[in-house]
Amino acid sequence: MATIKPSLAKGTRDFSPAEMEKRNYIFDTIKQVFAKYGYQEIQTPAFENLQTLTGKYGDEGDKLIFKILNSGEYLAKVPGNMLEERASVQLIPHISEKALRYDLTVPFARYVVMRQHEITLPFKRFQIQPVWRADRPQRGRYREFYQCDVDVVGSDSLLHEAEFILIYHEALTNLGLTDFTIKLNNRKILTGIAEVLGKPELIVAMTVAIDKLDKIGLDGVITELLDRGFSVDDLKKLQPIIQLQGDNIDKIRQLKRVLEPSATGLLGIEELETVMGYVERLTGDVALLNRFVDVDITLARGLNYYTGCIFEVKTNEVTMGSIGGGGRYDDLTGMFGLKGLTGVGVSFGADRIYDVLEELSLFPAGTRQSTQVLISNFDKLAELYALPLLYKLRNAGVAAELYPTAAKLKKQLSYADAKRIPYVLLIGEDEIQSGLLSLKDMRSGEQRRLTEANLIAHLTES
RNA sequence: GUGGGUAUAGCUCAGUUGGUUAGAGCACCAGAUUGUGGUUCUGGGGGUCGUCGGUUCGAGCCCGAUUAUCCACCCCA
C-alpha cells in the first residue's frame, strides 16, 4: 500500500494524554453537578437512522448532518434518471439510510419514546457524548465536538428552569469562571410582541432580525425589519422593546406594559418571574440573579422548536460564541408519535469551555500523575529481582512500572522526567546484595535507601 | 454557501529591491558524566520552501491555478 501523509479530517482533533486529563476534568466537574441535581446518565449510538434526524433542525441543519453512505452497490437502487440529473438532495435518501447524530436532544427524544413504558416520569437524564456537524470549522467551531446535555422530560414545573440556572452557575464557577452571563428569554414573549404588532406570522422574521442587534446595530435591524414586512408604525412600537434598559426587574416591568394586549406575552413574562422567584427562594441570594442572569428578548436561538424559556450562556472573559444553551419544548417527543410530553434542558459546549479555560489558564496544575514509581532496569539480574516487587507494589495500590529494557540510566531517568514520575527506584548489584533499595525523589533529587517493606509503606502513604 | 489571510525543519517563526551553500529558538539524538534526570556546555541529524505551471540568465521571494489551513459572514456549542 502506498504511504500517505498523515493528516486529520477537517475540524477534528486528537487528544494527547495531557489534553485528556484537562478534558476529563471538565467532564467530571460538570457530571458531578448534574448528578447532584438528580440527573442520571444515558448514552445513545453515534449514528441513527437518517430518518430519525432529518427534518428536525430545519433546512440549514439538514445540510449539516453527516450522512453515511450505504454499503454495497448503493447506486443500484437509485430510481430512474436521478443520477443523470445530479439531484443531490433528492438522491440522499436513496444512497444513505444512516447518519451521525447532530445533537443529543433528538436521539434523547427517540430514546424516551422507545422506552416510554420503562421510564418513570419525570425523567431526568444527562448525556455527555460527541456530536458531528458538517459545518465549516473556525474558532470555537469543530466538526466533532462534545455536548453535555441535561434534560428533564414529563414535567412542566418551572423549577427545572430555575435549577438549570443554578447548574450553569455552579458548574461554571467550579471550573473557575467568574464572569459569565446566563441570558434568559421566553418564546411566549416573542410571540406576544408579534401579536401586539398584529403580525404574528412574522415572528420568525422579527426574531431573526432583532437577534442581530449587537452585530449590525439598531439601524441595521430597522432596515432588515422594513425589508421583511414591518411598517414604520410597527417599528415605533418595537424600538423601545428592543432596546430595553435597566436590570431584570425594570425590563420585565416595561415588557408587561407593552405586552398588555397579549395573553401569551403576559404568560411568558409570568414564567420568567416564576423562574427567577424560584432561584431567589432556593439561594436566598438576589445578587446571584442580578450578577449572572440577564433577561434578553433579542435571544432567539433555536426558535423552531422552543416553546417556553430559552437559555444561552456566554463568557465575558474571552471572545467566544456561546458556551451553552437550551430551552423548553412543549412537544419534545411529538415528532416520534408521543404527544403531550414536555421537555426542558440545557447543554454545555465542553470543547469551547476547554478553549476558554485554556486561554484563561484556569486548568489546575498537574492534577494527577499516571505512574508513581519507575523501577530502573540495569541488567537481566536486576530485572528478575524487580519483577516480584513490581507486582507487590501494584497490589499495594501503587502505580508502578519497570523500565522495559536495560537502557542507559540517563535515558531511564529522562523517561521518568518526561512522564513526571515522582520516584525512581534504583536496583543494582549493591541493592540486591544489601536488600536496601535506592529510592530517588525526582523533585528534590534526594536519594534514600529503604527495605522493601519500608519502600512500600513510604509509597503508599505519600 | 460567501469574503479575506496564511503556507519555509517535528513545533513556533525569520529570510532585505529576485542573486552563491535557506537560518534561529524550542524539541530530538550523542558526548562532557561506564549507576543519576530536570540546569549548563559542546557537537549532530533533520528541508521536494504545500503542489503544479508560468515570467526570468537566475524564484523561498514575482504571476496564475490548485490543495490545505486559519479568520469573518450565515448558522451554531
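This structure is a prediction, so every number in the text was calculated from the model and none was measured. Below, read A as the first sequence line, B as the second, and so on, with proteins coming before strands; counting in each chain starts at 1.
- In this structure, OH of Tyr57(A) is placed 11 Å from P of A77(B), rounded to the nearest angstrom.
- On the C1' atoms, G58(B) is 31 Å away from U12(B), given to the nearest whole Å.
- For Phe311(A), the ring pair (Phe, Tyr, Trp, His ring centres under 6.0 Å) criterion is met by no residue, not counting sequence neighbours.
- Within residues 130-151 of chain A, the residues having any heavy atom closer than 4.0 Å to RNA chain B are, in order of number, Arg133(A), Asp135(A), Arg136(A), Gln138(A), Arg139(A), Gly140(A), Arg141(A), Tyr142(A), Phe145(A), Gln147(A).
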N/O contacts under 3.5 Å, protein versus nucleotides 27-31 of chain B?
unit_1, atom_1, unit_2, atom_2, d
G31(B), OP1, Lys408(A), NZ, 2.6

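- When the nucleotides G35(B), C75(B), G37(B) are ranked by their closest atom to the side chain of Asp417(A), G37(B) comes out on top.
- A gap of 8 Å separates the C1' atoms of G15(B) and G60(B), to the nearest Å.
- Under 3.5 Å, the side chain of Gln412(A) and the base of G35(B) form no donor-acceptor pair of N or O atoms.
- As rounded to whole Å, 11 Å separates atom P of G37(B) from atom CD of Gln447(A).
- Remark: Tyr102(A) pairs with Tyr57(A) by the ring pair (Phe, Tyr, Trp, His ring centres under 6.0 Å) rule, at least two apart or across chains.
- Counting only Watson-Crick and G-U wobble pairs whose two distances sit under 3.5 Å, RNA chain B takes part in these stems of three or more pairs: B:1-7 with B:67-73, B:10-13 with B:23-26, B:28-32 with B:40-44, B:50-54 with B:62-66.
- Contacts of Tyr391(A) classified as ring pair (Phe, Tyr, Trp, His ring centres under 6.0 Å), with partners at least two apart in sequence or in another chain: none.
- Among the candidates Asp294(A), Thr315(A), Asn316(A), the single residue satisfying the side chain to side chain donor-acceptor pair (under 3.5 Å) test with Thr181(A) is Asn316(A).
- The gap from the P atom of U16(B) to that of U8(B) amounts to 16 Å, rounded to the nearest Å.
- Across the protein-nucleic acid pair, Met320(A) atom CE and C76(B) atom C1' stand 13 Å apart, rounded to whole Å.
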